[in-house]
Amino acid sequence: MISENFGKYKYNEIDKYIELGGFTGLKTAFEKGKQHVIDELKISGLRGRGGAAFPTWQKWKGGLNELEQETFVICNADEGEPATFKDRELLSQDPYKVIEGLTISGYMRSAKTGTIYLREEYTYMKYQLETAIELSRKKGYLGKNILGTGFDFDIRVFSGAGAYVCGEGSALIESMEGKAGKPRLKAPRISSKGYLQRPTQSNNVESLAVAATILKIGASKYAEHGYGESVGTKLISICGNVNKPAVYEIPFGITLRQIIEEVAGGVENNKKVKFLQLGGVSGPLVPASLLDTRYTYEDLWDLDLGIGSGAILVADEDMSVIEYIKLANNFFHHESCGKCIPCREGVHVYKKIIDKLLNKTAKKSDIDYLLEVGTLMNETSFCGLGQTAATPVLKAIKYFKDELYTGTID
Ligand SMILES: Cc1cc2nc3c(=O)[nH]c(=O)nc-3n(C[C@H](O)[C@H](O)[C@H](O)COP(=O)(O)O)c2cc1C
Ligand code: SF4
């Protein structure tokens with residue numbers, strides 16, 4: 001479904017995309033109207049694939065009433081979360097589907113301009129995306145009076161600022177406005193005062209591609225896949241100690257063990273899994289004892305875990321948990337924008353204590369302090385970066401306490 005076009009056309013082959021049924025979702029949206037789009041998204045159960053898992057139909061419905069002023073839509077292609085690379089595959093292997101999804105999103109918000117906010121490290125794809133946009137314009141799928149509907153909409157590609165925090169919706173907008181990429185206060189929300197203080201709707205690349213697919217095939221067809229309330233499929237990027245690291249489309253509901261063994265070809269050198277990290281470096285560590293958990297939003301939430309961006313990093317039995325959390329914290333130490341104290345100072349405290357754990361000079365009380373500071377970061381940081389930066393460490397304390405305590409000096 002979502003990856004059905006991978007490998008079937010190149011970025012400059014719009015006719016092939018159309019032959020594959022491309023732009024059918026957009027036509028359906030035009031023909032059946034905005035309420036139909038909302039209804040279909042609701043049936044599909046689509047949750048935002050950028051990590052926060054907010055129901056897409058609710059986000060899009062909320063924007064329907066704000067039509068009196070100029071509005072903007074954004075495709076968040078910042079994809080800065082380590083171990084996450086599924087949006088890169090969509091952008092490079094099915095760019096027209098992303099363009100189609102963003103155009104549907106623009107139609108829903110009566111926007112005239114859409115922006116693909118492209119991760120700085122993906123600049124090599126900018127020319128391909130701009131070519132695909134130009135060809136879409138030539139064929140009447142972008143520009144003035146799209147397909148004779150009277151709807152005017154165009155897309156530009158904006159190169160990201162090269163900072164992880166710029167994937168956060170409001171920091172992204174700040175950087176688009178030419179300011180330092182730091183998050184804004186949550187009120188007013190960007191849905192009512194976003195880019196240039198105008199209503200703005202921002203969605204992840206995959207969310208937009210899934211929305212276009214649902215409108216193409218119908219929500220009930222999409223809902224034939226999945227498990228319980230986690231309807232449909234998910235693009236996952238799997239990496240680490242597996243034999244076949246790659247992006248895969250999987251139905252919700254298979255277990256973590258099946259993903260590793262049947263999808264990703266098992267653990268390298270026949271070693272055992274020690275832990276996974278779900279959703280990128282800000283996600284939880286999951287011990288091997290939980291491998292039979294189903295990959296659904298609900299099953300993972302029940303265990304205080306989560307799908308996040310869809311990244312799955314596999315660490316084998318040789319991986320040191322302390323070395324791993326050091327790497328994870330180094331990332332946040334580097335990427336914290338410094339705006340708020342809990343995150344700015346918290347990652348620094350973490351760095352010092354993790355170094356002590358590595359040097360075997362930590363006390364047991366240092367681990368208590370990791371818990372205390374991590375909880376504070378989680379509860380009081382200004383944005384999602386600081387709120388999740390302690391997650392790998394907190395889960396390491398929960399699931400690998402013995403390993404952390406080994407070598408402490410009291
Ligand atoms: C530090 C940080 C980085 C983020 N990076 C991304 C990103 O690269 N891509 C993305 O789609 N969402 C990212 N998000 C989540 C977005 O803020 C937002 O929830 C998402 O783009 C909304 O789209 P969706 O509803 O389609 O998921 C990030 C959030 C935080 C806090
Ligand atoms: S939580 Fe971190 S990244 Fe977010 S605003 Fe505070 S310092 Fe900046």
Query - Contacts of type salt bridge (charged side-chain N to carboxylate O under 4.0 Å, His left out), residue Asp15, not counting sequence neighbours - result: Lys139
Query raised in the report: Would Ser230 and Glu298 count as a side chain to side chain donor-acceptor pair (under 3.5 Å) if you check the C-alpha gap in whole Å, the side-chain angles of each, and the deciding distance to 0.1 Å?
Result: CA-CA 7 Å; Ser230 290; Glu298 297 73 24; 2.6 Å; yes
**Report entry** Check: Ser105/Gln201 side-chain N/O donor and acceptor closer than 3.5 Å
**Finding:** yes
Query raised in the report: Just checking, any donor-acceptor pair under 3.5 angstrom between side chains of Gln277 and Tyr324?
Result: yes
Query raised in the report: Taking atom types as modelled, is there a side-chain donor on Thr213 or Lys97 under 3.5 Å from an acceptor on the other?
Result: yes
Query raised in the report: Does the side chain of Glu81 come under 3.5 Å of the side chain of Ser282 through a donor N or O and an acceptor N or O?
Result: yes
Query raised in the report: Heavy atoms, side chains only, cut-off 4.5 Å: are Leu235 and Glu89 in contact?
Result: no
Query raised in the report: Looking only at side chains, do Ser170 and Glu168 share a donor and an acceptor under 3.5 Å apart?
Result: yes
Query raised in the report: Within 45° of the six-membered ring axis of Phe72 and under 6.0 Å from that ring's centre, is NZ or CZ of Arg109 located there?
Result: no
Report summary line: The residue among Arg344, Lys326, His348 that forms side chain to side chain donor-acceptor pair (under 3.5 Å) with His333 is His348
**Report entry** Residues Lys272 and Asp316 bridged, charged N to O under 4.0 Å
**Finding:** no
Query raised in the report: Using a distance-only test with no angle check, is there a side-chain donor-acceptor pair under 3.5 angstrom linking Ser237 and Tyr248?
Result: no
Report task. Begin from the C-alpha positions of Tyr11 and Tyr96 and carry the test ring-ring contact (aromatic ring centres under 6.0 Å, His included) through to its verdict. Result -> CA-CA 8 Å; Tyr11 69 94; Tyr96 291 102; 8.7 Å; no
Query raised in the report: Are side-chain heavy atoms of Ile367 and Ile397 found at a separation under 4.5 Å?
Result: yes
Without placing hydrogens or testing angles, list every side-chain donor-acceptor pair under 3.5 Å for residues 380-391, not counting sequence neighbours.
| residue | atom | partner | partner atom | Å |
| --- | --- | --- | --- | --- |
| Thr380 | OG1 | Leu376 | O | 2.6 |
| Ser381 | OG | Met377 | O | 2.8 |
| Gln387 | NE2 | Ser381 | O | 3.0 |
| Thr388 | OG1 | Gly384 | O | 2.7 |
| Thr388 | OG1 | Leu385 | O | 3.4 |
| Thr391 | OG1 | Thr388 | O | 2.8 |

Report task. May I have all residue pairs that pass side chain to side chain donor-acceptor pair (under 3.5 Å) and include part of residues 395-404, sequence neighbours excluded? Result -> Lys274-Glu403, Asp304-Lys395
Query raised in the report: In this structure, are over 12 heavy atoms from other groups packed under 6.0 Å from Phe158 atom CZ?
Result: yes
Query raised in the report: Can you name the residues that form a side-chain contact (heavy atoms from CB on, under 4.5 Å) with Glu13, not counting sequence neighbours?
Result: Tyr9, Lys10, Lys16
Requested in this report: Take Trp60 and Asn203, measure what side chain to side chain donor-acceptor pair (under 3.5 Å) needs, and give me the verdict at the end.
Outcome: CA-CA 10 Å; Trp60 286 21; Asn203 279 108; 2.8 Å; yes
Report task. Using the test side-chain contact (heavy atoms from CB on, under 4.5 Å), find all partners of Leu303 that sit at least two apart in sequence or belong to another chain. Result -> Leu290, Thr293, Leu305
Query raised in the report: Taking only residues at least two apart or on different chains, which pairs with a member in residues 262-271 satisfy side chain to side chain donor-acceptor pair (under 3.5 Å)?
Result: Asn241-Glu268, Lys271-Asp318
Report task. Would you please say whether a donor-acceptor pair under 3.5 Å links the side chains of Thr296 and Asp299? Result -> yes
Query raised in the report: Has Arg47 got its NZ or CZ under 6.0 Å from the middle of the six-membered ring of Tyr297, at an angle within 45 degrees of the ring axis?
Result: yes
Report task. Going by the side chain to side chain donor-acceptor pair (under 3.5 Å) test, name the single residue among Gln128, Glu79, Arg88 that passes it with Tyr122. Result -> Glu79
Query - Donor-acceptor pair between Thr115 and Arg156 side chains, under 3.5 angstrom - result: yes
